[in-house]
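The structure appears below as structure tokens.
Both counts, for ligands and for their atoms, begin at 1 and track the order of listing. Keep in mind that this is a model prediction, so the values were computed, not measured.
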Amino acid sequence: MIDSHKITAKPDFLLEKSPFGVCLLGKDFKITHVNEKWIAITSKDKKDLIGKGLADIFPQIKKNLSHFLDELKNTNRHYHIHEFPVTIETEGNLTGRFYNFLYCPVFDSEGELDYFCSLAVEIPNAVALKDQLEKSEERLRLATESNNISTWDLNLKNFQIYHSESLAHIFGYDSTHSITQLEMKNHIIDEDQHLLDEALADALATGKYSFEGRIKDKNDKIKFISSRGKIFYDEQNVPDRMLGVLQDISERKNLEKEIEEREVRYKFLADAMPQFIWIGDSDGNLNYWNQAVFDFSGKTLEDFTTGDGWLQIVHPDDREKNIEMWLNSIKTKTIFSLEHRFQNKNGDFKWMLSRAVPDFDDEGNVKHWVGTSTDIDEIKKQEHQKNDFIKMANHELKTPITTIKGYVQLLKKMRGNSDDQFLNNSLNTIENQVNKLNGLIGDLLDISRMEDGNLPLTRRPFSLIKLVTETIEDIKASEESQEIKFVLNSDSDIEVNADKERITQVINNLLTNAIKYSPNTNNVVVEISTKNNQAIVSVEDFGIGMDNEELSRIFQRFYRVSGEDEETFPGFGIGLFIVKDILDRHKGKIWVESEKQKGSKFYFSLPLNKKNK
Ligand code: ADP
């Protein structure tokens with residue numbers, strides 16, 4: 001064994017390699033050597049340490065230093081280690097490290113005190129730990145109090161309970177009151193006592209306690225409480241304590257109850273309605289139908305949520321269009337609207353008008369779709385009856401009109417070159433009016449045919465310029481339009497493949513409207529051109545014009561601009577509706593530019609006949 005008091009050389013090697021902070025001090029207690037670890041602990045530069053006294057480095061030890069040094073110097077035990085704790089609070093952070101500095105005197109071979117050696121030993125600091133504990137306790141207290149959570153600690157051996165002050169409040173007592181476990185149990189209302197028994201039994205089985213129920217507090221106020229806890233066991237694995245939290249959740253429960261009641265009310269309201277109501281998720285999958293749907297169809301919720309789902313009640317002929325339009329609405333996030341037939345529980349189909357609107361969240365995403373289906377079967381039936389009536393009336397009216405027309409033409413021929421101006425005018429007027437009557441009856445028939453979906457097109461190629469010219473000539477032939485000046489601009493002949501009679505109807509309608517709605521001017525400009533494989537015809541007048549609101553509705557059925565002026569113009573408001581339908585079915589388009597009191601310019605386009613392309 002090495003006799004350590006014989007070592008005279010300063011152990012530089014040991015000093016540097018030591019995993020501890022090591023510092024050597026002279027007899028005067030001034031620092032002579034420090035290793036890297038010691039420097040790091042003090043967070044100082046080496047030059048600020050060498051030659052300095054201990055008190056310069058640790059001002060906090062100044063007070064007790066002289067006593068300590070005396071003790072150290074005068075010790076007669078060579079290996080005695082003196083403990084002198086210094087806490088270093090790195091950058092005010094109490095979670096920093098704490099050190100004890102151990103000192104021992106080193107003697108030379110003559111037994112004379114040579115120097116001192118100091119070792120820095122890291123220790124957990126009790127003060128700091130206590131502080132940390134207090135801080136986390138404070139944090140826990142704040143967290144529980146700000147969430148209205150009370151804490152409790154139940155001794156499972158003697159059933160004594162300690163609780164936070166706020167717990168007494170929940171039970172209606174003031175904060176100084178200490179509430180016993182039995183008292184707490186007695187506050188739970190009779191109906192919910194069994195929930196407590198179940199919760200306790202569960203806790204003993206699983207170690208976890210969870211109770212939710214009602215209490216009647218000291219002031220007889222009913223409150224909802226939630227209590228949760230955890231069992232802790234002793235060394236023999238016997239339940240020792242249960243720690244937990246308790247919360248007054250009346251507000252939440254009342255809110256839940258209110259929401260539930262509201263839901264019941266809305267469901268009742270929805271079920272009481274004869275109209276069908278249905279709801280779909282953002283992808284368009286339906287997940288709710290009101291009672292009316294089930295009563296009508298005889299189906300159940302299960303029928304609708306399996307297989308073809310609700311589509312099974314849609315008429316097979318309407319399904320394809322239904323799916324196509326529904327998918328389109330989902331994709332474009334736009335309103336869905338469709339007339340289709342639903343099968344009732346007796347197997348009969350009824351016409352319905354279904355509409356669904358998207359409900360958006362703040363980001364513009366669809367949350368869900370709310371839809372309704374309204375029974376329009378009666379209206380549809382009446383429409384059929386009306387259409388049948390119109391067809392019949394048309395047939396019945398056509399015969400006398402054709403007769404009148406024939407006789408007028410006969411009379412005109414017979415009249416020869418008579419100078420009787422009155423006769424001439426009368427015959428022309430009769431002819432014009434009969435033609436108008438014929439046109440109106442034709443329009444009404446077209447509408448009813450369109451609604452029945454049978455207004456067939458007979459396509460053949462023809463020259464558009466020729467057709468426009470002829471139509472203009474025909475209109476000019478009628479006496480009222482003789483004054484109208486038509487200007488026809490066109491670059492070259494344009495051929496389309498279309499139903500000539502229907503396109504004549506379109507041109508005729510636009511031209512007569514241009515004349516009709518320009519009471520004070522007699523100028524109509526017609527232009528024919530081509531663009532992107534389309535023939536484009538425009539009819540411009542300088543008449544009464546329309547504002548934007550009117551423009552948006554003129555293609556609707558039976559729409560007529562309502563104004564003092566317009567009432568003086570005869571018409572049904574179906575001309576443009578028919579025009580649009582004819583063009584739609586030719587894959588053409590119609591659009592209009594107009595300004596009130598300045599005039600209107602109607603355009604329509606038709607695909608060019610392939611020969612032109
Ligand atoms: P109507 O039989 O009433 O003329 P239309 O369907 O042809 O029915 O036209 C619908 C409405 O559009 C008309 O009532 C009229 O108010 C308006 N309108 C149509 N063409 C013109 C035009 N050239 N200038 C001004 N208003 C027009």
Side chain to side chain donor-acceptor pair (under 3.5 Å) filter on Ser337, not counting sequence neighbours, yields none
For Asn290, does its backbone N or O pair with a side-chain atom of Trp278 as donor and acceptor, under 3.5 Å?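 No: the side chain of Trp278 does not pair with the backbone of Asn290.
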Next on the checklist: Strictly below 4.0 Å, N to O, side chains only: are Arg214 and Asp192 in salt-bridge contact?
Outcome noted: yes
Pairs under 3.5 angstrom only: tabulate donor-acceptor contacts from the side chains of residues 536-548 to other protein residues two or more places apart or in another chain.
from, atom 1, to, atom 2, distance (Å)
Asp541, OD1, Gly543, N, 3.0
Asp541, OD1, Ser600, N, 3.2
Asp547, OD1, Glu549, N, 3.3
Asp547, OD1, Glu550, N, 2.9

Problem set entry | Sub-4.0 Å heavy-atom approach of Gly543 to ligand 1 | no
Tell me whether ligand 1 is touched by Asn509 - counting only heavy atoms on the residue side and a distance under 4.0 Å. yes
Item to check | Chi angles and distances behind the salt bridge (Lys or Arg N to Asp or Glu O under 4.0 Å) call for Glu431, Lys412 | outcome: CA-CA 10 Å; Glu431 194 177 30; Lys412 273 175 100 178; 2.5 Å; yes
Are Lys350 and Phe342 in a cation-pi contact, defined as NZ or CZ under 6.0 Å from the six-membered ring centre and within 45° of the axis?
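Here Lys350 fails the 6.0 Å and 45° test against Phe342.
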Before signing off on this row, confirm whether [X] and ligand 1 have an N or O atom pair separated by under 3.5 Å.
X: Met546; answer: no
X: Phe577; answer: no
X: Phe602; answer: no

message: Taking 4.0 Å as the limit for heavy-atom contacts, which would you say applies to Glu550 with ligand 1: side chain only, backbone only, both, or neither?
response: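 For Glu550, no heavy atom sits under 4.0 Å from ligand 1.
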* For ligand 1, which part of Ile574 has a heavy atom less than 4.0 Å away: the side chain, the backbone, both, or neither? ->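 The part of Ile574 near ligand 1 is the backbone, not the side chain.
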Out of Ile515, Val539, Ile554, the nearest non-hydrogen contact to atom 12 (O) of ligand 1 is supplied by Ile554
Between Arg341 and the options Asp377, Asp318, Asp348, the side-chain hydrogen bond (donor to acceptor under 3.5 Å, both in side chains) test singles out Asp318
Under 4.0 Å from one or more heavy atoms of Ser600, ligand 1 contributes atoms 22 (C), 24 (N), 25 (C)
